[in-house]
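Take a look at the structure set out below.
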Amino acid sequence: MFRVPQTCKGVHPLRFWPFIQARCTFSPAATTSLQFISDGYENENKDLDFKLLFSSCTNVHLAKRLHALLVLSGNAQDIFLSTGLVNLYANLGDVSFARHTFDQIQKKNIFTWNSMISAYARVHRYHEAVNCFYQLLLTSCLQPDSYTFPPVLKACGNMVDGKKMHCWVLKLGFEWDVFVAASLVHMYSRFGFLGVARKLFNNMPVRDMGSWNAMISGFCQNGNAAEALDLLDEMRLDGVKMDPVTVASILPVCALSDDILVGILVHLYSIKHGLESDVFVSNALINMYAKFGNLGHAQRVFDQMEVRDLVSWNSIIAAYEQNEDPITALGLFKEMQLVRIQPDLLTAVSLASIVAQLSDHRNSQSVHGFVVRRGWLMKDVIIGNAVADMYAKAGSVDSARRVFEGLPVKDVISWNTLITCYAQNGLASEAIEFYHMMVEHIEIIPNQGTWVSILPAYSHVGALQQGMKIHGRVIKNCLYLDVFVGTCLIDMYGKCGKLDDAMSLFYQVPRKSSVPWNAIISCHGIHGHGEKALKLFNEMIDDGVKPDHVTFVSLLAACSHSGLVDEGQWCFNVMQEKYGIKPSLKHYGSMVDLLGRAGRLDLAYNLIQNMPIQPDASVWGALLGACRIHGNFELGSIASDHLFEVDSENVGYYVLLSNIYANVGKWEGVNRVRSLARDRGLKKTPGWSSIEVNNKVDVFYTGNQTHPKSEEIYEELEVLTAKMKSLGYVPDYSFVLQDVEDDEKEHILTSHSERLAIAFGIITTPPKSTIRIFKNLRVCGDCHEATKFISRITEREIIVRDSNRFHHFKNGICSCGDYW
DNA sequence: GTAGGGTTAG
């Protein structure tokens with residue numbers, strides 16, 4: 001209760017009253033209170049209930065009116081009222097106004113300071129909260145009290161600040177206050193100082209629910225699942241029951257440690273004790289079930305909620321988004337807007353991810369605009385990264401780069417996002433360049449995500465030595481080998497031709513999930529070791545690891561590369577019947593490839609005709625490729641008709657078709673296809689090959705003449721071609737699409753990128769050492785033949801990895817047995 | 001008029 005002081009005689013403070021009444025809605029109680037002010041001005045003895053007045057201000061607008069009123073009535077310097085205003089603004093989330101009001105107060109007491117400090121802590125402006133505490137010590141003659149410390153302890157961002165604060169607690173003698181003690185316990189356990197936290201906890205003379213929760217939640221936020229669960233058990237033995245706070249702390253830990261059993265038990269406990277009605281508990285349940293991939297349970301919890309807040313909506317949207325159901329997630333987002341819940345930054349993060357999954361570039365721009373309009377891009381790096389990733393997944397590399405450049409703060413994930421963006425959009429060299437730029441920023445410390453981004457780029461261009469450097473860094477920096485980093489390394493060694501190293505690494509990584517198994521099976525496949533791939537698959541089953549759709553893509557490809565037709569068909573059946581995996585386009589593509597290469601064109605065509613889904617270019621392309629191998633131009637033209645319907649842009653298919661015609665001497669057809677490709681103005685995917693010499697990757701494009709060693713390379717090729725011809729090499733012009741004279745055709749074949757790279761290898765590496773080449777497209781048939789001769793002439797092992805598999809050339813023979 | 005321990009993230 002408050003009595004209006006006699007300060008502002010002369011001006012009626014409430015001459016604005018009708019004006020305020022017209023614009024603001026106060027509760028009836030508040031209206032009465034305001035009337036009281038008015039009356040109090042007339043009759044100075046009336047008591048006013050300002051508490052009511054404060055509580056009736058439900059938005060910043062109303063608060064400002066009340067504030068103006070207090071200023072006008074001369075009450076702004078009153079210590080009770082002004083502190084009330086600081087709190088009011090803080091509760092309404094406007095901490096800058098709270099600070100402004102705070103600064104205006106001339107005689108602050110400890111309540112005022114405590115209000116300001118907790119205002120900062122509540123909105124997570126921790127740095128300012130701590131600064132405010134030190135300001136209190138330095139600029140006022142006031143002593144902090146037991147109310148001061150809990151928010152300040154929460155605000156300590158690191159152990160150095162935390163220890164300093166602990167000293168102040170001890171100095172001023174507040175360590176036995178139950179709230180302060182709980183805050184200390186929580187702070188130490190949050191930073192992983194579990195021993196200290198435990199000691200403080202054990203020494204507490206009084207323990208309430210909050211003390212237990214402080215200790216448990218500290219463990220939880222630190223990811224110490226086992227300790228958290230142990231303590232929970234101890235609490236139970238002590239006869240203390242879990243409350244909503246305990247449950248909301250423990251549920252994320254169940255998800256983190258993949259402990260679905262405890263998760264369900266805690267859920268049952270919550271139902272039994274009526275804790276489900278707590279919105280934090282329900283939200284935590286939704287999140288936990290989402291992480292277990294159990295959308296049904298998540299949805300059920302959401303449906304049963306009586307009160308849903310922003311976090312509930314964000315959680316259920318993210319649940320669907322992260323379980324690859326962007327359509328439902330988008331529907332929920334719309335529903336959320338219908339019930340007038342305002343989205344926040346985290347909603348936008350999910351939204352960006354939803355749009356990325358739908359790979360709809362137009363919507364990408366709307367989401368980007370949505371985020372920019374609200375100023376969120378400048379506010380938090382997380383949303384910036386999400387938007388960059390959204391563009392990356394939509395293939396808009398330039399947009400992703402622009403978002404990245406515009407970020408006020410870039411963290412390691414921003415860099416990782418861009419590296420992945422380049423790598424996944426086929427720009428491996430750019431990804432590598434970007435990684436080198438990142439390394440120059442010493443404040444950015446690479447993490448596991450960085451290795452996962454950069455290793456595939458190194459695999460892609462075959463940079464074995466640089467990939468091994470990363471392996472070295474991983475060993476140095478990480479205590480254990482993360483499954484994903486481990487798998488990337490396996491993939492890198494495998495794709496760089498080091499199958500043995502891939503294998504020994506495989507036995508070092510955790511093999512509970514299908515991820516590393518898929519990688520090692522795929523590695524054996526591209527090396528043409530189909531039998532070994534099947535053996536690994538059986539081992540995987542014996543180990544109790546469940547194969548997924550990726551496993552079968554790798555496995556079918558492995559069978560296809562090795563000509564294991566029966567085994568491939570067996571896999572295709574097992575996949576559907578035993579594991580209930582519906583074949584995707586990739587599986588069909590592999591099957592058509594497998595059957596087609598083996599000459600079972602009838603079966604392959606039959607399979608396509610009976611597909612329950614629409615075949616895409618890769619499926620028809622596989623059939624066309626098989627037709628070229630087996631010289632079946634009738635089926636080839638059927639395949640190409642379908643192919644050009646679904647993809648008329650890929651010049652590779654025109655080359656294939658013209659090869660088919662050329663092989664059976666139908667020059668008319670060859671010319672027709674060539675002019676078709678020309679008329680459609682098709683740009684050929686530039687073929688390139690790379691080779692790593694002395695830690696440096698050199699990339700050669702077909703016809704490249706700008707390389708510093710260009711002259712020597714072409715000289716070497718001329719000498720080689722002459723020797724090859726004397727051994728019986730005849731150039732196969734059917735691999736030349738251009739309509740030119742034969743000697744020009746020979747020149748074109750000789751300047752294919754793989755040959756330039758091989759010649760460069762020959763002149764820059766010691767005699768008889770192995771040459772490793774990478775080609776982005778399939779190796780050309782003529783080059784394949786030529787490389788056999790070159791391996792014989794130079795007595796070198798030449799390993800060529802193309803977009804499909806490995807070719808191991810030695811003594812004039814290729815490991816693929818010309819089955820490719 | 002002031003305080004601790006809880007849910008969502010790229």
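A note on names: the letters A, B, ... follow the listed sequences, proteins ahead of strands, and every chain is numbered from 1. Computed from heavy atoms alone, side chains included, the values below leave out hydrogens, waters and symmetry copies.
Within the nucleic acid shown, A/K291 comes within 4.0 Å of sugar-phosphate atoms alone, with no base atom in reach, counting heavy atoms only. Contacts of A/N416 with the nucleic acid, taken as non-hydrogen atoms under 4.0 Å apart, are absent. Within 4.0 Å (heavy atoms only), A/S146 reaches at least one base atom of the nucleic acid. The residue A/N314 sits close to a base: some heavy atom pair falls under 4.0 Å. Within 4.0 Å of A/V311, counting heavy atoms only, lies at least one base atom of the nucleic acid. Nucleic acid contact for A/Q322: sugar-phosphate only, since backbone atoms but no base atoms lie under 4.0 Å from a heavy atom of the residue. Counting any heavy atom pair closer than 4.0 Å across all strands shown, A/I383 reaches no nucleic acid atom. Residue contacts for A/V185: at a heavy-atom cut-off of 4.0 Å it reaches no nucleic acid atom on any strand shown. Nucleic acid contact for A/M215: none, since no nucleic acid atom lies under 4.0 Å from a heavy atom of the residue.
The separation between A/L351 atom CG and B/dG10 atom P is 14 Å, rounded to whole Å. Nucleotide B/dT2 holds its P atom 14 Å from the CD1 atom of A/I110, rounded to whole Å. One can place CG of A/N213 at 8 Å from P of B/dG6, the figure rounded to the nearest angstrom. Atoms CH2 (A/W313) and C1' (B/dT7) sit 17 Å apart, rounded to a whole Å. Residue A/I117 contributes atom CD1, which lies 12 Å from atom P of B/dG4 at whole-angstrom precision. Residue A/M209 contributes atom CE, which lies 21 Å from atom P of B/dA3 at whole-angstrom precision. A/H186 places its NE2 atom 6 Å from the C1' atom of B/dG5, with the value rounded to the nearest Å. If you measure from atom CZ of A/F174 to atom P of B/dA3, you get 16 Å, rounded to the nearest angstrom.
Between A/F133 and A/W113, the ring center distance fails the sub-6.0 Å criterion. Outside the 6.0 Å centre-distance limit, the rings of A/F370 and A/H368 are not counted as a close aromatic pair. Ring pair A/H166/A/Y188: centre-to-centre distance below 6.0 Å. Aromatic ring centroids of A/Y435 and A/W415 lie 6.0 Å or more apart. A/H297 has its ring centre no less than 6.0 Å from the ring centre of A/F292.
For A/S249 against B/dG6, a side-chain-to-base donor-acceptor contact under 3.5 Å is absent. Side-chain atoms of A/D380 and base atoms of B/dG10 include no donor and acceptor less than 3.5 Å apart. Judged by atom type and distance alone, A/D243 reaches the base of B/dG5 through a side-chain donor-acceptor pair under 3.5 Å. One can find a donor-acceptor pair under 3.5 Å joining the base of B/dG4 and the side-chain atoms of A/D208.
You'll find that the side chain of A/S315 is closest to B/dT8, out of B/dG4, B/dT8, B/dT2. Picking from B/dA3, B/dG5, B/dG1 the nucleotide with the shortest atom distance to the side chain of A/F179 gives B/dA3. When distances are taken from the side chain of A/L346 to each of B/dT8, B/dT2, B/dG10, the shortest belongs to B/dT8. When distances run from any side-chain atom of A/F280 to the nucleotides B/dG5, B/dG1, B/dT7, the shortest one goes to B/dT7. Nearest to the side chain of A/S211, among B/dG4, B/dG6, B/dT7, sits B/dG4. When the nucleotides B/dG10, B/dT2, B/dA3 are ranked by their closest atom to the side chain of A/P151, B/dA3 comes out on top. Distance from the side chain of A/P150 is smallest for B/dG4 among the nucleotides B/dG10, B/dG1, B/dG4. In this structure, of B/dG6, B/dT2, B/dG10, it is B/dG6 that holds the atom nearest to the side chain of A/V281.
Taking the 5.5 Å centre cut-off and the 30° plane limit, the aromatic side chain of A/Y147 is classed as stacked on B/dT2.
Here A/S217 reaches the OP1 or OP2 of B/dG6: one of its side-chain N or O atoms lies under 4.0 Å away.
Not a single salt bridge (charged side-chain N to carboxylate O under 4.0 Å, His left out) links A/E175 to another residue, sequence neighbours left out.
Interatomic distance, SG of A/C254 versus CG of A/D259, reported as 6.0 Å (0.5 Å rounding).
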